[in-house]
Amino acid sequence: MNRLKIYNTLSRQKEVFIPIEEGKVGLYVCGMTVYDFCHLGHARVMVVFDVVVRYLKYLGYNVKYVRNVTDIDDKIIARALETNEDFSKLTQRFIDEMHQDEAALNVHKPNLEPLATESIDDIVNMIKALIDKGHAYIGNNGDAYYSVESFGDYGKLSGRELDDMQAGERVDIDINKRNPFDFVLWKSAKPDEPSWASPWGEGRPGWHIECSAMSTRCLGNHFDIHGGGMDLQFPHHENEIAQSQAATGERFVNTWMHNGFVRTDDEKMSKSRGNFFTVRDVLKRYRGEEIRFFVLSSHYRSPLNYSDEQLNEARSALERLYTALRSIEPMVNDVKSDYVRRFEDAMNDDFNSAKAISVMFECANELNKLKTSNPQLAAKTASDLLLMAQPLGLLSENPETFLQSTVGTNAAISNEEIDTEINKRLQAKSDKNWALADQIRDELNAQGVILEDSGKKTTWRR
RNA sequence: GGCUGAGUGGCAGAGUGGUUAUGCAGCGGCCUGCAAAGCCGUGUACAGCGGUUCGAUUCCGCUCUCAGCCUCCA
């Protein structure tokens with residue numbers, strides 16, 4: 001079998017994945033800043049890395065998955081001021097909302113979900129170490145800064161040189177910094193701001209340091225995979241590397257994974273642009289699994305354009321897969337089928353879920369044919385299809401339940417009423433009263449119910 | 001200005017130096033009382049211009065276009 005290859009942003013190529021400790025994987029993903037509902041961009045991160053974890057487990061790895069929550073920063077403070085509540089109340093509220101979105105998307109919980117505010121000791125200790133080693137300093141304003149010039153490899157991850165970057169082009173240069181690209185480790189508190197004690201006075205951590213501190217605490221100085229959205233590559237992840245490697249003297253992360261953006265109208269979906277759709281909103285019209293399928297229908301590093309058409313296609317595609325699985329009892333296949341092998345090849349190639357899904361469709365096609373010609377083999381093929389769906393977190397519902405679900409439809413008619421109508425129609429059919437049979441079918445159709453006759457039985461879906 | 005990445009058939013989206021992606025939509029057929037679902041068949045697709053090659057959508061160069069990062073952002 002092919003070995004798993006992962007595209008490493010650091011080397012800009014796919015590399016065979018070799019864990020630091022055999023059979024084990026440590027994975028850290030930068031999570032959400034919790035001051036608002038998650039949008040589809042966040043959904044993509046959740047789903048993509050959920051699949052990474054599921055597939056690593058499928059391959060037999062023991063995975064420790066850590067995804068942090070940023071629960072203190074400028075935007076949180078600003079929002080709490082607007083809503084006139086304690087910042088921790090605000091963040092707790094949106095942490096709960098985030099968990100609901102995750103559940104709707106069938107995203108497994110990470111093993112650990114550390115909060116920045118619960119990691120102040122680790123953060124302070126790391127800043128101390130950086131100051132002691134001459135990588136950080138206290139500015140005239142009392143803030144602690146990281147000195148980018150003290151770290152030789154600065155810019156390696158994002159492929160840029162300090163000299164090439166245009167400081168002050170879009171943001172005023174801070175006179176407290178020695179180098180304009182130096183970044184804040186500890187911010188001294190203004191009156192009425194939430195703050196914690198430190199050797200440098202009351203204040204709060206800068207954004208980047210929390211991830212260095214939390215990942216180190218949870219996974220050690222050196223771990224396997226660190227992930228997040230593309231936009232975190234610079235400066236966030238670059239700064240994490242600078243902090244961690246300067247503080248510990250060890251290599252920080254082996255493999256850096258970055259997922260592409262979700263777009264609307266070919267533009268990046270982001271809070272600052274205001275062109276985002278929240279997961280919550282989309283869930284009013286589409287099922288979580290449809291969103292999930294939409295996310296996985298393209299490669300994780302490619303841009304993903306959001307539109308209703310795309311979600312509708314995801315719905316049709318899932319209907320096809322669930323239809324294939326309908327009315328069949330899967331039977332575990334004791335040999336690895338060619339489909340599963342090809343599925344694994346696709347996933348081993350940097351988690352190519354789009355290609356992997358295409359194999360699932362070929363399998364579904366085979367299954368549809370076998371249903372009549374070879375029920376025994378069909379049962380095994382159904383099991384193959386479900387086996388492939390598992391690491392993708394798809395097809396976990398009962399096919400009948402999925403196909404008859406009212407989610408995303410404006411269904412008013414109940415299942416019982418539908419059954420009554422179907423029985424009436426079956427009578428009409430046996431009376432060869434085609435006019436009445438067709439009338440009943442048309443009426444149900446108008447209510448979003450599609451009938452399917454097969455032999456003497458009639459099944460339905462919405 | 002610096003640095004990334006991308007341009008594939010009606011749409012979405014994989015992939016490959018010469019052979020079917022896949023899904024949706026369309027067309028023809030089978031099945032069906034008629035449908036639906038399913039099955040079978042079906043499309044001069046690879047931004048443009050050069051180059052390498054027996055042969056390039058796939059490799060190289062240039063051009064054009066788009067997106068992203070260089071500020072908070074997944």
Side-chain angles (χ1 to χ4, degrees), chain A residues 9 12 29-33 38-49 67 70 73-75 78 155 158-172 181 183 207 227-236 238 258-263 266-273 276 293-294 297-299 301-305 307 309-310 312-321 323-324 326 342 346 349 352-362 364-365 367-369 371-373 403 429 432-435 437-438 441-442 445 449-455 458-461:
Chain A
T9 307
R12 301 202 180 271
V29 171
C30 289
M32 265 47 84
T33 301
C38 293
H39 65 232
L40 287 176
H42 301 119
R44 191 175 194 189
V45 180
M46 292 191 224
V47 169
V48 161
F49 287 101
R67 193 187 58 208
T70 298
D73 89 323
D74 290 354
K75 288 188 173 167
S158 53
R160 60 191 82 207
E161 305 280 335
L162 280 171
D163 295 344
D164 291 337
M165 295 195 280
Q166 296 192 351
E169 164 99 347
R170 293 157 82 185
V171 167
D172 287 342
F181 293 104
F183 53 90
W207 176 38
M230 291 260 267
D231 43 3
L232 298 185
Q233 209 173 296
F234 188 91
H236 186 56
E238 196 70 72
H258 293 99
N259 65 275
F261 299 126
V262 178
R263 301 179 182 176
D266 287 319
E267 262 198 6
K268 178 185 174 185
M269 182 183 288
S270 70
K271 291 200 174 164
S272 48
R273 291 175 205 238
F276 61 89
F293 187 96
F294 160 65
S297 64
S298 77
H299 185 89
R301 283 188 283 116
S302 303
L304 182 63
N305 221 17
S307 68
E309 286 83 349
Q310 294 274 13
N312 291 339
E313 271 207 28
R315 172 169 297 173
S316 307
L318 281 170
E319 277 174 8
R320 178 163 164 80
L321 294 175
T323 301
R326 197 165 46 166
R342 285 168 55 218
D349 185 12
N352 194 334
S353 56
K355 194 176 182 183
I357 285 172
S358 80
V359 177
M360 289 172 64
F361 278 106
E362 290 180 44
N365 175 260
L367 172 55
N368 282 330
K369 283 187 270 188
K371 270 181 179 174
T372 47
S373 67
L403 293 167
K429 275 178 52 142
K432 301 220 187 292
N433 185 351
W434 307 127
D438 289 354
R441 186 170 62 197
D442 289 347
N445 215 299
V449 176
I450 299 158
L451 296 190
E452 296 172 353
D453 297 335
S454 59
T458 295
T459 53
W460 64 275
R461 61 192 169 89

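Here is how names work: the chains are called A, B, and so on, in the same order as the sequence lines, proteins then strands, and each is numbered from 1.
Atom CG in Leu162(A) sits roughly 20 Å away from atom P in C69(B) (whole-Å rounding). Rounded to a whole Å, the CG atom of Asp231(A) is 14 Å from the C1' atom of G5(B).
G10(B) and U53(B) are spaced 34 Å apart, taking the C1' atom of each and rounding to whole Å.
Under the 4.0 Å criterion applied to side-chain N and carboxylate O atoms, Glu319(A) and Arg326(A) are not assigned as salt-bridge partners.
Closest contact between the side chain of Asp453(A) and the listed nucleotides A35(B), C72(B), A21(B) involves A35(B). Of the candidate nucleotides A14(B), A74(B), A37(B), A14(B) has the atom nearest to the side chain of Asn352(A). Side chain of Lys268(A), nearest nucleotide from A37(B), G68(B), C72(B): G68(B). Of the candidate nucleotides C69(B), C34(B), A12(B), C34(B) has the atom nearest to the side chain of Arg441(A). Closest to the side chain of Arg320(A), from the set C40(B), G38(B), G68(B), is G38(B). Between G15(B), A37(B), C40(B), one nucleotide has an atom nearer to the side chain of Thr323(A) than all others, and that is A37(B). Checking A74(B), G68(B), G15(B) against every side-chain atom of Arg273(A), the shortest atom distance belongs to G68(B). Considering only side-chain atoms of Asn368(A), the nucleotide from C72(B), G68(B), G38(B) that sits closest is G38(B). In the set C70(B), A37(B), G33(B), the nucleotide with an atom closest to the side chain of Phe181(A) is C70(B). Of the candidate nucleotides C72(B), A37(B), C70(B), C70(B) has the atom lying nearest to any side-chain atom of Arg160(A).
Counting non-hydrogen atoms under 4.0 angstrom, Gly260(A) reaches a base of the nucleic acid. When heavy atoms are screened at a 4.0 angstrom cut-off, Leu232(A) is found touching the sugar-phosphate backbone but no base atom. As judged by a 4.0 angstrom heavy-atom cut-off over every strand, Gly229(A) is placed among residues touching the sugar-phosphate backbone only. Contacts of Lys432(A) with the nucleic acid, taken as non-hydrogen atoms under 4.0 Å apart, are absent. Among the atoms of the strands shown, only primed sugar atoms or phosphate atoms (P, OP1, OP2) are found under 4.0 Å from some heavy atom of Gln310(A).
The partner of C30(B) is G38(B), by the rule that a Watson-Crick or G-U pair needs both atom distances under 3.5 Å. Base pairing annotation: U57(B) forms no Watson-Crick or G-U wobble pair, as no partner gives both donor-acceptor distances under 3.5 Å. U44(B) is unpaired under the Watson-Crick or G-U wobble criterion, no partner having all donor-acceptor distances under 3.5 Å.
Taking only side-chain nitrogens and oxygens, Ser302(A) comes nearer than 4.0 Å to OP1 or OP2 of A14(B).
Classified by interplanar angle (parallel below 30°, tilted 30° to 60°, perpendicular above 60°), the ring pair Phe361(A)/Phe293(A) is perpendicular.
Projected onto RNA chain B by closest heavy-atom contact, Glu309(A) and Gly41(A) fall at different nucleotides, the more 5' of which corresponds to Glu309(A). The 5' end of RNA chain B is approached more closely, in terms of each residue's nearest nucleotide, by Glu319(A) than by the other of Glu319(A) and Glu267(A).
A cation-pi arrangement is present between Arg160(A) and Phe234(A), with the terminal nitrogen or guanidinium carbon under 6.0 Å from the aromatic centre and inside a 45° cone about the axis.
Between the side chain of Lys369(A) and the base of C39(B), no donor-acceptor pair under 3.5 Å is found.
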